[in-house]
Amino acid sequence: GHRAHAAAANRPAVSHPLRWRPTAHARRLATVGLLALAPAVVAGKPLLAVLAAPFLALLALGLSRPVPDAIQAEATLDRSRCLEGEDVEIHLTLTTGTLVDLIGVTFEVPSTVEFAPDHLPVVTVAGAAALDQRVVIRARQWGRVTIGPVRVRLRAGGNTKEAEVSVRVGELAVYPEPSAVQTVLA
């Protein structure tokens, strides 16, 4: 039962490399800045370039901010097996090493698994460098199910860059309730 969580606690978190790309916000800043700059270049009137400056300055400032190359992240189940309807906890820990604008996580589970009341599959934290999140799930049907992954989205650089990674969770063996087995055997 609880051995899976105890063993996971002794393992170091896994390093996940990040590939950053421009956000829709960065693309909007670039588009508006270039559209404001175009008439200044075409008309040969440098004074019109003043209209483009704030947008291009925000974009340059955001894109120049440092971002982490990787995050340390791990998602574990507090047990590897359970009975139908029993609570099972997913524990996600992650650290970025530096402050980011936004950490968003989405816990993915199969259709035979539900989230316990007051436990949401999506969590968003602004202005953070780490996250320690626990979510409780319940399997509605017996069998072996794959829990996860947990999708992590990071935003940085004044919301001009984003990166996504998937964190593996694990397998859960779900057994029927004893009363259901007795009914079948009777």
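Just so it is clear, the structure is predicted and the values come from calculations on it, not from any experiment.
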Can [Y] be reached from [X] by stepping across I, L, V, M, F, W or Y side chains whose heavy atoms are under 4.5 Å apart?
X    : Y    : result
L83  : I90  : no
V169 : V145 : yes
V123 : V109 : yes
L102 : L154 : no
L63  : L56  : no

Over all heavy atoms of both residues, which pair between [X] and [Y] is shortest? Give the atoms and the distance, please.
X    : Y    : answer
R65  : K161 : O-NZ, 2.8 Å
F107 : V135 : CE1-CG2, 3.4 Å
H25  : T160 : CD2-CG2, 4.4 Å

Quick one: does [X]'s side chain have a donor or acceptor within less than 3.5 Å of a partner on [Y]'s backbone?
X    : Y    : result
W142 : E177 : no
D78  : E89  : yes
T96  : T98  : yes
D101 : G158 : yes
H91  : T76  : no
T23  : E162 : no

Side chain to side chain donor-acceptor pair (under 3.5 Å) partners of D118, counting only residues at least two apart: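 Not a single residue meets the side chain to side chain donor-acceptor pair (under 3.5 Å) criterion with D118.
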What distance do [X] atom [atom1] and [Y] atom [atom2] have between them, rounded to the nearest 0.5 Å?
X    : Y    : atom1 : atom2 : answer
I137 : E114 : CD1   : CD    : 10.0 Å
S166 : H16  : OG    : NE2   : 9.0 Å
I147 : E108 : CD1   : CD    : 11.5 Å
Q133 : L120 : CD    : CG    : 9.0 Å
L35  : L51  : CG    : CG    : 12.0 Å

Could you verify whether a donor N or O on one side chain and an acceptor N or O on the other, from T146 and E171, lie under 3.5 Å apart?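 Result is yes, a qualifying pair exists.
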For R140 and T112, test the side chains for any donor-to-acceptor distance below 3.5 angstrom and give the result as yes or no.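 No, no side-chain donor-acceptor pair sits under 3.5 Å.
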Taking atom CG as the centre, does D87 end up with more than 12 heavy-atom neighbours from other residues, nucleotides or ligands that are less than 6.0 angstrom away?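 Enclosed: over 12 neighbouring heavy atoms sit under 6.0 Å from CG of D87.
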Partner of E164 under salt bridge (charged side-chain N to carboxylate O under 4.0 Å, His left out), chosen from R155, R21, R19: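 In the set R155, R21, R19, the residue that makes a salt bridge (charged side-chain N to carboxylate O under 4.0 Å, His left out) with E164 is R21.
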So, are R79 and E86 salt-bridged, with charged N and O less than 4.0 Å apart?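 Yes, this pair counts.
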